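Note sheet for the following structure.
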Amino acid sequence: MFIENTQHFDLKQTFECGQCFRWNEQQDGEYIGVVGNYVMGAKNVNGGIEIICADDFFAAQYFDMDGDYAKRKNKLQCDEIIVKAITNGHGIRLLKQQPWETLVSFIISTNNNIPRIKKIIELLCENFGDKLIHSNKIYYSFPTAETLAELNVTDLAVIRCGYRDKFIIDAAKKVASGEINLQKISNMSLEQGRSELKKVTGVGDKVAECVLLFAYQKYDAFPKDVWVKRVFDRLYSVDEEDIDSFVRDKFGDLCGLAQQYLFYYGRQLL
DNA sequence: CGCCAGGCGGGGG
DNA sequence: CCCCCGCCTGGC
């Protein structure tokens, strides 16, 4: 699949804006990632972007190629700060990620740093995922809830995730048993989805919002991590407890997308 | 060595 | 109800 217009698509910005953990830049500049049971490639060629995937329809969906970013950006341009943030991260696209993988990934992300988050997720996949072969190399899919539900915290010692091990097992058991139905969250309101996800021990507001935004395209979800809090403190002079109502008023039902531009901007600026 | 990193749960006030 | 503390681990 070839994307000619890169006005709203930049690989580095999309993969490194904090929403995903399994895309890695290779020596030659190509990004390789595992999505579902596909090993996908993405690279800049001839002024456009080439996506390599065995299923182009799947890839187009994952990258939200039908999403109208010109329109979305227009709706957000209401002050000079967000305008700068959008200019800075003009090529960010919110990926349509898989709920189970997103849930576990952001459980792992708590009180943790990005290199270590990525390392733990790869160990989880290598130890408990399925082998996938792609151009003579071995990759691993993200393990299913059913697979992880059979494990105990001792089995998870190999991934070195610290105290998060019990949270991962808890999530797996609740999803595999049907106590939590990830499918149903698609049709739930933001509030319902949030409380459903928070049934998992180790899932609080931050993790729940990330899953709702990155896996369910609920663009009114608004994760508040330390960088977002920093942006609202230093650039908007808004106190932490006032952020939710402030962004609701300002950015409406696209506040989650605004969050992504501001997060990426803040990480570089502050 | 101490501190922190894209939070969270539990306990005490 | 709110605040605050400890937490696995690895990197600096």
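Lettering of chains follows the sequences in order, A, B, ..., and the numbering in each one begins at 1. Computed from a predicted model, the values in this text were never measured in an experiment.
- Annotation: C:dG6 and B:dG2 have their P atoms spaced 14 Å apart (nearest Å).
- The hydrophobic clustering, which links ILVMFWY residues whose side-chain heavy atoms are closer than 4.5 Å, places A:Phe214 and A:Tyr69 together.
- Across the P atoms, C:dC8 and B:dG11 are found 14 Å apart, a figure rounded to whole Å.
- Taking atom CH2 of residue A:Trp227 and atom C1' of nucleotide B:dG7, one finds them 16 Å apart after rounding to whole Å.
- Salt-bridge check for A:Lys224 with A:Asp244: passed, with a basic side-chain N closer than 4.0 Å to an acidic carboxylate O.
- Residue A:Ile120 is classed as having no contact, given no heavy-atom separation below 4.0 Å to the nucleic acid.
- The distance between the ring centers of A:Phe21 and A:Phe106 falls below 6.0 angstrom.
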Indicate for each nucleotide in nucleotides 8-13 of chain B, in 5' to 3' sequence, whether protein heavy atoms under 4.0 Å reach the base (B), only the sugar-phosphate (S), or nothing (-). SS----
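- Residue A:Lys119 places its side chain closer to C:dG11 than to any other of C:dG11, C:dT9, B:dA5.
- Between A:Tyr236 and A:Phe251, the two ring planes are perpendicular [angle over 60°; tilted spans 30° to 60°].
- Atom CG of A:Asn111 and atom P of B:dG7 are 6 Å apart (whole Å).
- Across the protein-nucleic acid pair, A:Ile108 atom CD1 and C:dC8 atom P stand 16 Å apart, rounded to whole Å.
- Rounded to a whole angstrom, the distance from the C1' atom of C:dC7 to that of B:dC3 is 14 Å.
- Straight-line distance from the CG atom of A:Asn112 to the P atom of C:dG10: 10 Å, rounded to whole Å.
- A straight line from CZ of A:Phe214 to P of B:dG6 spans 14 Å, rounded to a whole angstrom.
- A salt bridge is absent between A:Glu209 and A:Lys218; no separation between the charged side-chain nitrogens and carboxylate oxygens falls under 4.0 Å.
- Taking the six-membered ring for Trp and thresholds of 30 and 60 degrees, A:Phe58 and A:Tyr62 have nearly parallel ring planes, at less than 30 degrees apart.
- Pair assignment for B:dG9 gives C:dC5, based on Watson-Crick or G-U wobble hydrogen-bonding distances that are each under 3.5 Å.
- Computed from coordinates, the A:Phe222 CZ to B:dG6 C1' distance equals 13 Å when rounded to whole Å.
- Nucleotide B:dG7 holds its C1' atom 14 Å from the CG atom of A:Leu103, rounded to whole Å.
- Formation of a donor-acceptor pair under 3.5 Å by the A:Lys119 side chain with backbone atoms of A:Arg160 is not found in this model.
- With hydrogens and angles ignored, no donor-acceptor pair under 3.5 angstrom links the side chain of A:Arg160 to the base of C:dT9.
- Separation of the P atoms belonging to C:dC5 and B:dC4 is 13 Å when rounded to the nearest angstrom.
- Residue A:Arg164 has its side chain nearest to C:dC8 when only C:dC8, B:dG7, B:dA5 are considered.
- For A:Cys210, whose side chain is taken as the heavy atoms from C-beta onward, the closest listed nucleotide among B:dG6, C:dT9, C:dC7 is B:dG6.
- Residues A:Phe63 and A:Phe9 bring their aromatic ring centres within 6.0 Å.
- Rounded to an integer number of Å, the gap from CD1 of A:Ile243 to P of B:dG6 is 16 Å.
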